[in-house]
J.: 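Please find one structure pasted underneath; my questions will follow.
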Amino acid sequence: MKKAFILITLLTCFIFSQAKTVTIETKNMSLVIQADEGHAPQYVYFGQRLRTGDAERLQYPSNGRMDAYPAYGLNTPAEAAFAMRHSDGNLSTALVTSGLTTQDEGHATVTTISLKDPIYPITVDLNYRAYHDVDMIEVWTTISNQEKSVVTLTTFASAMLPIRRGNVWISHLYGSWGNEARLVEEPLQPGQLIIKNKDGVRNAHTDHAEIMLSLDGKAQENTGSVIGAALCYSGNYRLKIETDDTEYHYLFAGINEDNSEYHLKKGETFTTPALALTYSEEGLSGVSRNFHKWGRKYKLMHGDKERKILLNSWEGVYFDINQKGMDQMMADIASMGGELFVMDDGWFGEKYPRKTDNSSLGDWVVDKKKLPEGIEGLLRDAKKNGVKFGIWIEPEMSNTVSELYEKHPDWIIKAPNRNAVLGRGGTQVVLDLANPKVQDFVFSIVDNLLSKYPEIDYIKWDANMAIMNHGSQYLKAADQSHLYIDYHRGFEKVCQRIRTKYPDVTIQACASGGGRANWGVLPYFDEFWVSDNTDALQRIYMQWGTSYFFPAIAMACHISAVPNHTVFRTTALKYRIDVAMSGRLGMEIQPKNMTDEEKELCRKAISEYKQIRPIVQFGDIYRLVSPYDHQGLASMMYVSERKDKAVFYWWKTESFQNEHLPRVKMAGLDPDRLYKVHELNRIDLQPLDCEGKSYSGAYLMSHGLEMPYRNDVEWGKKNEWSSRILLLE
């Protein structure tokens, strides 16, 4: 064991007179908390699983604040995880241990440390779910009010974690529309680092609620001690790391309290979202593998089922939807081996037909001028072409130019006594999901489609606007601060109703691209749209960052046309294919504009992706050379659980004459096995010199294979975009 780090693990209780040491454990992790009755529980250890002798002789941390859930008021200079205003106005709270329970869930054990205030009838339960077969501990709190009247919660983090100071670096994601999930790595310094979101609807565009903390200096991909943390919440969040004059950094994670104080009624319980915690001594990729396994098995909808290869209509035709055109696109994707066609925006609206983005949202009826035979005709054509059918909706939104808005202007989010702030197209508004009637309406959109057309296989659920003005026409004036929290409670209730009635339909979380890549959303969704930007080069950077916390099976990655519709870059078709094949493969293009040669290359790629689909979508990720290291290339691989097969990706990220690129060493293979090399999507006149040859896993991991810097093609087809995919088996 390299190091010990502070946190928790529980499974077994050791009792030394009045002292109770709670140990929470997974297969490879331990979290230890001291929970003495009448005292605040204290973190003792978090890291690699303890051996018996080490567990019995643990060193207790010093020169730090180890309260597992520090409350505000009796040590006011220190940062607090919890703060409230009692019914009598008192701003101070003390939380001491009052009980301990464990509950077996089959695949996990939940340990609950109950806390109470010695003076006021306020209780807080600290809950720890430790999984038996994946290395993940989920931490959350439940807060109950038994005071004589309403109390106000002003700070309500899900968890606090102390991390021993040293050469600690943080890796986190930032970005914007069309540039999501960009990676930043920086050392933790004195002061505060705050990562937050206040969008109200989408929470993964500008920042992400997931971080990694490297305890050995700047993080390495496959070596080093790393903590991973992900807040599983669909709404506004705040991750805060406080570094003061003690020996520790303090991580606080939870709902963003800004303008969200919560009035907790007598007898009411408030539950915070879970913070998922993991630890690995196999670097960043080791933490990613932990997140991916946990996510596929316990969080992601249908995480054990292969995803279909699809064609989406958006970049192919935009709003120009018509029945003949949809039939043509279905036939084209079927001819290339695709399995699903998704009709995007532009199919609906009767009084206000959806021709641009400034009308019709909320009016979910077929535009019979565009689709005279309706959804029935589309489903018939899909069946004729041998593909499944999917459809786009944006159910949380409306336009002021819509029949819905004319009937229910009271359903939108709007500040009292003010005009609504309008979004996309100058007319878009957000429906108030705090309102149960709105929840019923949003559910009915999906319910009407799937009950009338059960053959619909896939829904693309979009959300293209933030909450721009604070105000609920449903909530009481005194509870306007509940808006952000109640919106997401309503969103979750709708998702739960949909999944209870329609557990088998595939649903994509699209939110202006990657705005809903979050583990609080994915229990109800099968995947997310990584970004509206499909440019292959920029997608390497975005998909790289996304892979830190989310598995390939959840990442929708599409082959699109050139010049790219966002950045207008022209990249080679093979390059676009090779990038898209590192996630859930799809197409975002008008096939009738492709040449026969291009269609044939895509047909071959789809056929070969089907061979590697189980490895990519269920395999273990090993990132090898980061595009953020600016070495002129990026490389990563997926390895099957049995280590009998692997897929290796190599993409050039820039091109110069007389360039010098590193040879890439592989990872994750069985050193004693021989792996036969086969290049996928080959366009070269001659095969690679390693084609068909077998190498030991040890050789490939210690030495690697040389990749030619250019594709060997006819003179007129040469370009700067070189990439390779190798299947090892």
Side-chain angles (χ1 to χ4, degrees), residues 40 67-96 98 114-127 139-160 194 196-198 200 231 233-240 242 252-275 413 415-416 432-436 467 469-492:
D67 284 11
Y69 200 65
Y72 176 81
L74 299 178
N75 183 10
T76 53
E79 288 295 318
F82 179 78
M84 65 179 292
R85 184 164 60 249
H86 295 275
S87 57
D88 64 0
N90 193 334
L91 292 177
S92 68
T93 302
L95 294 174
V96 299
S98 61
S114 295
L115 312 178
K116 69 177 183 180
D117 188 308
I119 306 298
Y120 291 90
I122 289 290
T123 60
V124 176
D125 285 344
L126 303 182
N127 306 288
V139 190
W140 73 99
T141 62
T142 48
I143 304 159
S144 299
N145 173 29
Q146 296 300 331
E147 293 194 20
K148 59 186 178 182
S149 59
V150 173
V151 302
T152 299
L153 307 181
T154 57
T155 301
F156 32 89
S158 297
M160 189 283 285
I194 294 177
K196 63 181 175 60
N197 181 272
K198 297 169 69 172
L231 188 70
Y233 186 55
S234 59
N236 294 358
Y237 59 81
R238 188 197 308 272
L239 307 182
K240 177 170 60 180
E242 165 90 1
F252 298 82
I255 293 173
N256 192 328
E257 318 94 323
D258 284 358
N259 300 303
S260 291
E261 68 174 27
Y262 194 86
H263 307 128
L264 194 65
K265 299 179 181 67
K266 180 179 180 179
E268 185 182 359
T269 296
F270 184 95
T271 302
T272 65
L275 178 69
I413 289 176
D432 185 0
L433 276 171
N435 186 337
I467 292 176
N469 45 179
H470 193 122
S472 169
Q473 299 181 79
Y474 169 75
L475 294 172
K476 296 176 182 178
D479 289 335
Q480 289 294 302
S481 62
H482 291 196
L483 171 64
Y484 293 123
I485 292 170
D486 283 357
Y487 182 94
H488 286 276
R489 285 177 171 175
F491 173 66
E492 187 169 42

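Just so it is clear, the structure is predicted and the values come from calculations on it, not from any experiment. Counting from 1, the numbers follow the sequence of the chain as shown.
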J.: Work out which heavy atom in A71 is nearest to a heavy atom in A80; give both atom names and the distance.
T.: C-CB, 4.0 Å
J.: Does a sphere of radius 6.0 Å around NZ in K196 hold more than 12 heavy atoms from other residues, nucleotides or ligands, not counting ones at 6.0 Å or beyond?
T.: no
J.: Please check this pair: side chain of S260 against backbone of D258, looking for a donor-acceptor N/O pair closer than 3.5 Å.
T.: yes
J.: Side chains of F252 and L275: closer than 4.5 Å at any heavy-atom pair?
T.: no
J.: I'd like to know if the side chain of Y120 and the backbone of S92 have a donor-acceptor N/O pair within less than 3.5 Å.
T.: no
J.: Hey, could you give me the CD/CG distance between Q473 and N435, rounded to the nearest 0.5 Å?
T.: 9.5 Å
J.: Would you call the rings of H482 and H263 parallel, tilted or perpendicular, where under 30° means parallel and over 60° means perpendicular?
T.: tilted
J.: Does some side-chain heavy atom of P70 sit less than 4.5 Å from a side-chain heavy atom of N75?
T.: no
J.: Can you tell me how far NZ of K265 sits from CG of D479, rounded to the nearest 0.5 angstrom?
T.: 5.5 Å
J.: Of all the heavy-atom pairs spanning Y69 and L95, show the shortest one and how long it is.
T.: CD2-CD1, 3.9 Å
J.: If you compare all heavy atoms of Q146 against all heavy atoms of G267, which two are closest, and at what distance to 0.1 Å?
T.: NE2-CA, 3.8 Å
J.: Can you tell me how far apart CH2 (W140) and OG1 (T271) are? Round to the nearest 0.5 Å.
T.: 9.5 Å
J.: Looking only at heavy atoms, which two atoms of A94 and P118 are closest? And how far apart?
T.: O-CD, 3.7 Å
J.: Can you find a heavy atom in the side chain of R85 that is under 4.5 Å from one in the side chain of E261?
T.: yes
J.: Any side-chain heavy-atom pair from F82 and L153 closer than 4.5 angstrom?
T.: yes
J.: Between L483 and D432, is the side-chain contact (heavy atoms from CB on, under 4.5 Å) condition met? List the steps.
T.: CA-CA 9 Å; L483 171 64; D432 185 0; 4.1 Å; yes
J.: Could you go through the side-chain contact (heavy atoms from CB on, under 4.5 Å) check for T154 and E257 one step at a time?
T.: CA-CA 7 Å; T154 57; E257 318 94 323; over 6 Å; no
J.: Let me confirm one number: the OG1-CG distance from T142 to D125, rounded to the nearest 0.5 Å.
T.: 4.0 Å
J.: Does N145 reach the side chain of E268, with side-chain heavy atoms less than 4.5 Å apart?
T.: no
J.: Decide yes or no for T123 and S114: does some side-chain heavy atom of the first lie under 4.5 Å from some side-chain heavy atom of the second?
T.: no
J.: Taking the side chain as C-beta and beyond, is there a heavy-atom pair between Y484 and H470 under 4.5 Å?
T.: yes
J.: If you measure from CG on L239 to CG on N256, what distance do you get to the nearest 0.5 Å?
T.: 10.0 Å
J.: Could you check whether F270 and Y262 have their ring centres less than 6.0 Å apart?
T.: yes
J.: Is the backbone N or O of L433 less than 3.5 Å from a side-chain atom of H488, with the two atoms forming a donor-acceptor pair by type?
T.: no
J.: Does the H86 side chain pair with the main chain of V151, one donor and one acceptor, at a distance under 3.5 Å?
T.: no
J.: T272 and side-chain contact (heavy atoms from CB on, under 4.5 Å): which partner among V139, T141, V124, N127?
T.: T141
J.: Nearest 0.5 Å please: distance from the CD1 atom of I119 over to the CG atom of N90.
T.: 9.5 Å
J.: Test side-chain hydrogen bond (donor to acceptor under 3.5 Å, both in side chains) on T269 and S144; report intermediate values, then the result.
T.: CA-CA 4 Å; T269 296; S144 299; 3.0 Å; yes
J.: Can you tell me if Q480 uses its side chain to pair, donor with acceptor, with the backbone of S472 under 3.5 Å?
T.: yes
J.: Between Y487 and I413, is a side-chain contact (heavy atoms from CB on, under 4.5 Å) present by the stated rule, with each step listed?
T.: CA-CA 10 Å; Y487 182 94; I413 289 176; 3.8 Å; yes
J.: So, do S149 and K266 sit near enough that their side-chain heavy atoms are less than 4.5 Å apart?
T.: no
